[in-house]
Amino acid sequence: MLPRTIRLKGFTKENRHEMIDYAINSISKCSGWVTNHMMYANKMIVINFEIEVRGVRELLHLLNQNGLVLLEKSNEIIKEFPDNIVQTNGNKEITGSINITFINEEPTVRNHIPAIPG
């Protein structure tokens, strides 16, 4: 059965700006597009996307390169997309997200939130 959504988690020690760009480009290369993102200081980003079923396996392959390491549970998602499912539902779109944790020595960036008047 085809999953409705995929949730990926990974980590990297690479430059966060380059890794964000790499993840977004990988999604685009695999017949997907970014719908939203949320950056949590300089330590983590969550990128939400939609992707055609035919691009999921290639996306998992691309994301496991260039210094990004997907967790085992994320790598096991490929088992939910065997050839017969991909061929039957190739153009169907599903939602997904990738959570990337950045392991770095940078100090945590804090965003100042102004007080709400009134």
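Predicted model only: the values in this text are computed from it and were never measured.
Across every non-hydrogen atom of Gly67 and Glu14, the tightest pair is CA-CG, 3.8 Å. Closest of all the heavy-atom pairs between Cys30 and Leu62 is SG-CD1, 3.6 Å. Between Ile47 and Ala23, the closest heavy-atom pair is CD1-CB, 4.1 Å. Across Thr35 and Phe49, no two heavy atoms sit closer than the pair OG1-N, 3.7 Å. The two residues Leu68 and Phe11 make their nearest non-hydrogen contact at CD1-O, 3.5 Å.
With hydrogens and angles ignored, the 3.5 Å screen pairs no side-chain donor or acceptor of Asp21 with any backbone N or O of His17.
Residues Ile24 and Ile94 share a hydrophobic cluster, clusters being chains of Ile/Leu/Val/Met/Phe/Trp/Tyr side chains in contact below 4.5 Å. Residues Val53 and Trp33 do not share a hydrophobic cluster, defined by chaining ILVMFWY side chains whose heavy atoms lie under 4.5 Å apart. Cluster annotation: Ile78 and Leu63 are assigned to the same hydrophobic cluster (Ile/Leu/Val/Met/Phe/Trp/Tyr, side-chain heavy-atom contacts under 4.5 Å, transitive). Put simply, Ile6 and Val34 are part of the same group of oily side chains (I, L, V, M, F, W, Y) that touch within less than 4.5 Å, one to the next. A single hydrophobic cluster is not seen to contain both Met39 and Ile103; linkage of ILVMFWY side chains at heavy-atom distances under 4.5 Å, directly or through other members, places them apart.
Put simply, the side chain of Thr95 does not reach to within 4.5 Å of the side chain of Arg4, judged on heavy atoms. Considering only heavy atoms from C-beta on, Ile51 stays 4.5 Å or farther from Ile27 through its side chain. Using a 4.5 Å heavy-atom threshold, the side chains of Thr12 and Asn66 count as separate. Counting only heavy atoms from C-beta outward, the side chains of Glu76 and Leu60 never approach each other to under 4.5 Å. Residues Lys43 and Asn104 form a side-chain contact, since some pair of their non-hydrogen atoms from C-beta on lies under 4.5 Å apart.
In this structure, Leu70 CG and Ile77 CD1 are separated by 8.5 Å, a value rounded to the nearest 0.5 Å. Interatomic distance, CD1 of Ile45 versus CZ of Arg16, reported as 9.5 Å (0.5 Å rounding). Note that the CG atom of Leu59 and the CG atom of Asn64 stand 9.5 Å from one another [nearest 0.5 Å]. To the nearest 0.5 Å, atom NE2 of residue His37 and atom OG of residue Ser97 are 14.0 Å apart.
Under the side chain to side chain donor-acceptor pair (under 3.5 Å) criterion, His61 pairs with Gln65, sequence neighbours left out. When the salt bridge (Lys or Arg N to Asp or Glu O under 4.0 Å) test is applied to Arg7, no partner is found at least two apart in sequence or on another chain. When the side-chain contact (heavy atoms from CB on, under 4.5 Å) test is applied to Ile85, the partners found at least two apart in sequence or on another chain are Leu2, Pro82, Asn89. In this structure Lys13 satisfies the side chain to side chain donor-acceptor pair (under 3.5 Å) test with no other residue, sequence neighbours excluded. Under the rule for a side chain to side chain donor-acceptor pair (under 3.5 Å), Ser28 has no partner lying at least two apart in sequence or in another chain.
As a member of the Ile/Leu/Val/Met/Phe/Trp/Tyr network built from side-chain separations under 4.5 Å, Met44 groups with Met38, Tyr40, Val46.
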